[in-house]
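Proteins come first, then strands; the chains are lettered A, B, ... in the order of their sequence lines, and each starts at number 1.
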Amino acid sequence: MVKFDKIPKEVFEEAEKFGVLEKDILFAAHADKDRNGVYCDNWLLITEEEIVMVGGIQLVVPREGVKRRDPKKLTVKYGKISEYRMDRAPLSDFKTEKQISGCILTAYNKDTGSYELVTYLTGQYEEDFQELCRLLNEKDHKGEEKPEDEAEGHKGPPPHGHGPHGGPHHGGPHGHGPHGHGPHGHGPHGGKKNKDDDYCPKCGRRYPDPHNKVCPRCMDKSSVIKRLFSFLGRYKFSVLLILLAMAMVSALGVISPYISSGFYYDQVLTVGGKFYGQIILVILIIVSLRIVSLLVDMINNIITARIVPKLVYDMKKTIFDSVERLSLSFFTNRRTGALMNQVNGDANTIYWFFVDGLPYLIVNVIQTVAVGVIMFFIDWRLSLVALVFCPLIFVLIKTLSLKMKKLHAKRYSASRSMNGMLSDVLSGVRVVKAFSRERDEIGRFNKRSERLADTDFESGLYSGTVFPMATFLFVISSTLVLGVGGWLVIIDEITYGTLMTFTAYAGMLMSPLMFFVNITQSVANCFNATYRLMEVMDAEPEVSEREDAVTLDEIEGSVKFSDVTFGYDKTRKVIENVSVDIPAGAKIGIVGHTGAGKSTIANLLIRLYDTDSGYISIDGHDVRDLSFETIRKNVAIVSQETYLFQGTILDNIRYAAPDATMEEIVTASKISGAHDFIIKLPDGYSTRLGWGYKELSGGERQRVSIARAILRNPKILILDEATSAMDTKTERSIQRALEKLTENRTTIMIAHRLSTLRDCEKLFVIEHGKVAEEGTHAELIQKKGIYFKLYTLQYQALKNAGVGE
Amino acid sequence: MSDNKNVYTLADAAQIVYLTEENAKFFKNGDFLGASLTLPDEEGNLKTERFERVWLHRSFPFNMPWEYISVQNKDQEELGLIRKVSELGEGSGAFVKEELLRKYYTPKIIKIKTLKETRGFSFWQVISDAGELSFTLQDTSRSIAKISEDRAFVFDICGNRYEIESLSALDKKSFRKLELYL
């Protein structure tokens, strides 16, 4: 039986009641909605003859006899709410279909000639069901083969090392080709073992993001602290010095009030005191204590200032290294902005915690404890009076700071939305004017601006009222101490000096109180930042180089796609069973509608992503076996998204080959047609690009990108809509120039405009992710298929526009 | 009405086929929707064809749920556009409505029981019109889309979506939990 999830035994018991035995079940899967779309745990048990669905509620409860909610002692109870049985024989063509939220499992019923809805499910289980459909449909094609028999059917090129698919003992009906899932394999694995990977071992819940095996609920805080401090390891000596200095600062901070108040009154100013009249001596002691304290503090700050930036630098470097190492899919799943924020903002949060938080936290803790002890030591009655208001003040400030935190978040989002809108409208002012929408835009701006003003008012209101109240409470408690203390002095229980010492110490409590309230937030922020950084550091690149990857110095340039299937998001296939054979040195074209999957083919060849099934080979080597260096050195791509970095045009062209000579750069630019426009710019190749500098037009950018790719002198050149933003004339001239260059190179041209491809030896027409037609231009025209249609359409359009070729 | 005229010429150029009671009949086939449509072929001759199953797609799902419905075949090619479901007549219209309701079904959040954010994820426990649900969001602020002043959609980490029909109709406690992210 292939299980797609943990199946509770109650389900099998339930199934047995209507004669379905566990041993007859071929597939068992878990959906989270039933056939009527009701949210529940719906178990699909599939035998040769029928599909049985048992819908129910799964509860996680403590095991019998266990009282505490210990996650290890939890078990799953199961209560049935619905059941449904379907005859399996007439059903074929199982499919998951996306709905606006979640999806449905459908099947074609041969007997009735219509489609049937098997069950609803949410997005969480979609991948499981896609795999289930694949297996079901495959079984239908193959007839009666048992999944177990196929366990060794691991054909195709050698398995690529990682992932749980390596050995035959994992079983599972992986009939054809390797599965390029990388380490996060999904789909059935013949048994429960691998499926368990989707669950947090601690709490038993499914990971929110199955590709990132972190259970946020069970995140181990201590491990975060450990790792955070492991960065400190390198600076042991400095850290020790800092701690020492901080201990001294705290000690001095605690001694000085005693000398300047109690000691001063009782021993210096009172007749009979040990130091009676020696004012200058005491003043000198006080001043020198202050000086020592100042020096220690300065030394501490210097050391901190020195090591903390280093520490943050270490962290940023580690993170940037990890980020660059990750596969492209990591970036497509997250927005670039969020990622930048992560690297920069989080490291800064940690920086400020170390500079502004941690040292004061240590000093304040030591001081508060010391002051508290001293206060009780001086007089316990006064201490009680002084501390009565502390909890109240603490709660007051805490409430305020929580409220302020919310207001800050609100203010942040308000200002973000205002700024975002402002920059949007300003850069799009041409469009605003063109459609005379100024008035609406002003209205939109005012609304956002108002929201910002509102939050500002609210936070002003709170900080202006609650903080003074807290201070007032503190003043009241000091006054009470003064009153009770005065009474104690009069009845001669304590001296005036003692009272003065006490009030001085009591006054030292207010600022730590404030500090502790605020530090909790800072600690939490620091933890969150560290956690996020670690998430990046720990993320596994989905595309990784094999340890024993082959490096080829020179390649011939033949490319082969064998039955390749791939989707950016595993639930949606972009290309399906694509097989393309390109001999070395050939010039081929890939044609198709927008979104047909043309660029995806290019992305797969340069291994920005790995295939889901099937394989791609260069010179007969599976690209997954080749080192990144081999691929990057021999394959160059000019993609439709031409990204130019900030810097000069020269820097940008040279990006691909930093060692290229000026002559090579100019030659490459000449071929790509970039030279002609570059030379017209006042600063030529040194023209700066980017914010506030020169902006290139789409066609110009493309020419620079082509120059960049040519400079690499690759064996395989991919031009992905590389000339789409140019006029046909420029395109022709570049193509003519390229022709010589591409003579004995494999060239793959991807284009929407067919005129771009007219020199290609062979054309592949991609439609809905599949190769629909292939052949030369003449052959395809004769065929009168999709290509012919595209061609006549474009030809017609040109003729209508009076361009006719 | 010169504007209108413009629209028509544009539409003519785009060759959109509008489906109405005259040229379209929808029926229930199995669990899904089938249709019999009279469509012009490449030469412009009208031909009636029976489709065992058609797929519906809203053009403006948020604002006009019952207008501009694209009817597609299994290759996701548009067969025609329904300008208004009401133009289909009672029988067909009801089937189309049923299919649309099924496909666009989105649980509506009535009350937010708990909303906890930890480390970039937020965990939600809500009461919806489909019962109690719990789900997880990543990057909370960006996963909530306000489509009007009062209406919002929530997208969870698995791509499921939930609707908050009226933000102002939420109880105060629920709204306060949500407010931060709007």
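Contacts between residues 31-39 of chain A and chain B, counted as heavy-atom pairs separated by less than 4.5 Å, involve A/Lys33, A/Arg35, A/Tyr39. Scanning residues 159-168 of chain B against chain A with a 4.5 Å heavy-atom cutoff picks out B/Asn160, B/Arg161, B/Tyr162, ordered by number.
Qualifying ring pair (Phe, Tyr, Trp, His ring centres under 6.0 Å) partners for B/Phe155, counting only residues two or more places apart in sequence or in other chains: none. When the side chain to side chain donor-acceptor pair (under 3.5 Å) test is applied to B/Thr20, no partner is found at least two apart in sequence or on another chain.
Distance alone, capped at 3.5 Å, places no donor-acceptor pair between the B/Asp31 side chain and the A/Glu116 backbone.
With respect to the salt-bridge test (charged N to carboxylate O, under 4.0 angstrom), the residues B/Lys74 and A/Glu97 do not qualify.
With chain A as partner, the option from B/Tyr181, B/Phe135, B/Trp55 having the largest number of non-hydrogen pairs under 4.5 angstrom is B/Trp55.
At a threshold of 4.5 Å between non-hydrogen side-chain atoms, the residues B/Tyr105 and A/Ile100 do not count as touching. When side chains are defined from C-beta on, A/Thr106 counts as touching B/Arg53, because their heavy atoms get closer than 4.5 Å. B/Arg102 is listed as a side-chain neighbour of A/Ile104, based on a closest heavy-atom distance under 4.5 Å.
If you measure heavy-atom distances from B/Leu133 to chain A, the contacts under 4.5 Å come from the side chain alone. Residue B/Asp75 touches chain A through both its backbone and its side chain, counting heavy-atom pairs closer than 4.5 Å. Residue contact with chain A, scored on non-hydrogen atoms closer than 4.5 Å, is absent for B/Glu132.
Counting non-hydrogen atoms of other residues, nucleotides and ligands closer than 6.0 Å to NZ of A/Lys447 gives a total of 12 or fewer. Dense packing is recorded around NZ of B/Lys108, with more than 12 heavy atoms of other residues, nucleotides or ligands lying under 6.0 Å away. A 6.0 Å sphere centred on NZ of B/Lys28 holds more than 12 heavy atoms belonging to other residues, nucleotides or ligands.
Annotation for B/Lys103 and A/Lys98: closest pair CE-O, 4.4 Å, computed over non-hydrogen atoms. A/Ser101 approaches B/Pro107 most closely through the heavy-atom pair OG-CD, 4.4 Å.
The line from CD of A/Gln124 to CG of B/Asp156 is 8.0 Å long, rounded to the nearest 0.5 Å.
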Taking it one step at a time, do A/Leu117 and B/Phe32 satisfy side chain to side chain contact (heavy atoms under 4.5 Å, CB included)? CA-CA 8 Å; A/Leu117 193 155; B/Phe32 297 102; 3.8 Å; yes
